[in-house]
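These notes concern the structure reproduced below.
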Amino acid sequence: MARMILRRLAVSVLILVVVSVLIFAATLLLPGDPARAILGQQATPERVAALSEQLGLDRPAPERYLSWLGGVLTGDLGYSAATQGPVTELLGGRIGASALLLVLTALVSTPVALALGARAAVRRGTRTDSAVSGTSLVLAALPEFVIGVLLVVLFATSVLRILPSVTIARPGEPVWARPEQLVLPVLTLALVVIPYVVRMMRATLSETLDAGYVEMARLKGLPERTVLLRHAVPHTIGPVAQVIALQLAWLAGGVVVVEFLFRYPGIGQALIDAVANRDVQVVQAITLIIAAFYVLVNLAADVAGILADPRIRHSSTGGGS
């Protein structure tokens with residue numbers, strides 16, 4: 001088991017290195033001159049050359065990459081060309097705001113999706129199963145911006161008007177100071193994540209409930225609740241954890257659209273502003289943060305699947321006895 005976890009960890013580190021190379025190469029392919037974009041079209045060639053030298057744009061690409069990667073490993077993400085300040089200061093509060101959004105979404109969506117999927121699996125063929133499956137199929141077909149707009153229409157503009165349609169926090173004010181402005185972004189992201197987890201939970205648990213060892217547990221006279229929690233669910237957690245991880249990892253990218261829709265002051269909005277301003281250091285930092293989040297969440301899901309799989313646990317126990 002330890003070897004499997006270490007192998008997953010090594011692969012994750014390798015993936016992050018490859019992703020860092022791709023991110024750096026992609027920013028090199030962005031059209032235009034960053035120094036010219038910052039100074040404006042009226043800037044003299046001398047000023048453009050001086051800024052290029054200050055930003056290190058005149059150095060060879062491999063040297064710039066190694067310098068950037070070394071800074072990332074030491075916590076130095078460089079300086080924002082637009083604000084002339086450290087990228088870490090620019091993104092510090094925004095990372096916290098986005099992290100709050102993702103954590104709240106995970107706390108809401110995961111237990112709800114697991115409960116609905118398990119309910120549908122246990123009551124297969126009933127109206128409950130049809131309602132849960134049909135609703136999840138409809139929601140899965142809707143993009144996040146469509147769900148967000150529908151929620152705004154329902155709760156903020158035309159129907160109920162009980163929630164703000166955009167973020168109402170003042171500049172410098174933490175987003176959690178006004179909890180009502182978090183409801184629609186969190187609900188939008190949750191409604192995008194829940195359908196996929198529900199469908200996977202239902203399919204996996206339904207297959208497990210038909211397995212021979214579950215039938216044997218029933219024949220022994222165990223209560224159905226015990227059969228479900230001790231014999232069926234442990235064999236279901238691994239595959240479902242993978243789907244949960246993929247959906248939560250998707251949130252790191254999908255949050256960009258939702259933050260733009262609700263004018264939420266997170267890394268998604270910062271990424272849009274950085275691309276518009278040709279702020280290469282900020283674009284690189286945010287993209288790498290999103291990629292690292294994606295890889296780490298999938299690593300956590302792999303580890304959870306390994307630890308939760310009874311077959312691996314029993315194999316490890318047997319090998320050590």
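Keep in mind the model is a prediction, meaning the values are calculated, not measured. Only heavy atoms go into these numbers, but all of them, side chains included; no hydrogens, no water, no symmetry mates.
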So, applying salt bridge (Lys or Arg N to Asp or Glu O under 4.0 Å) with Asp129, which one of Arg124, Arg202, Arg199 is it?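 When Arg124, Arg202, Arg199 are each tested with Asp129, the salt bridge (Lys or Arg N to Asp or Glu O under 4.0 Å) holds only for Arg202.
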Rounded to the nearest 0.5 Å, how far does CD1 of Ile23 lie from CD1 of Ile290?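 Atom-to-atom, Ile290:CD1 and Ile23:CD1 are 9.0 Å apart.
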What distance do Ile147 atom CD1 and Leu154 atom CG have between them, rounded to the nearest 0.5 Å?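 Result: 13.0 Å between the selected atoms.
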Between [Y] and [X], is there a side-chain heavy-atom distance shorter than 4.5 Å?
X      : Y      : result
Pro185 : Glu259 : no
Trp68  : Leu288 : yes
Val192 : Leu139 : no
Glu144 : Leu189 : no
Val282 : Leu90  : yes

Closest contact, heavy atoms only, [X] versus [Y]:
X      : Y      : answer
Ala292 : Leu16  : CA-CD2, 3.6 Å
Val152 : Ser165 : CG1-CB, 3.8 Å
Val175 : Pro265 : CG1-CG, 3.6 Å

Can you confirm whether Arg178 is buried at CZ, in the sense that more than 12 heavy atoms of other residues, nucleotides or ligands lie under 6.0 Å from that atom?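 Correct, the count exceeds 12.
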Among Leu271, Asp273, Ile272, side-chain contact (heavy atoms from CB on, under 4.5 Å) partner for Val275: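 Result for side-chain contact (heavy atoms from CB on, under 4.5 Å) with Val275: Leu271.
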Among Thr188, Leu261, Val146, side-chain contact (heavy atoms from CB on, under 4.5 Å) partner for Leu151: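 With Leu151 as partner, Thr188, Leu261, Val146 yield a single side-chain contact (heavy atoms from CB on, under 4.5 Å), made by Thr188.
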Would Val240 end up clustered with Val198 when hydrophobic side chains under 4.5 Å apart are linked, directly or stepwise?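 Result: no, two separate clusters.
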With no hydrogens and no angle check, just 3.5 Å: does a side-chain donor-acceptor pair link Ser20 and Tyr65?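 Yes.
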Hey, mind stepping through Val183 and Phe155 against side chain to side chain contact (heavy atoms under 4.5 Å, CB included) and telling me if it holds? CA-CA 10 Å; Val183 176; Phe155 293 107; over 6 Å; no
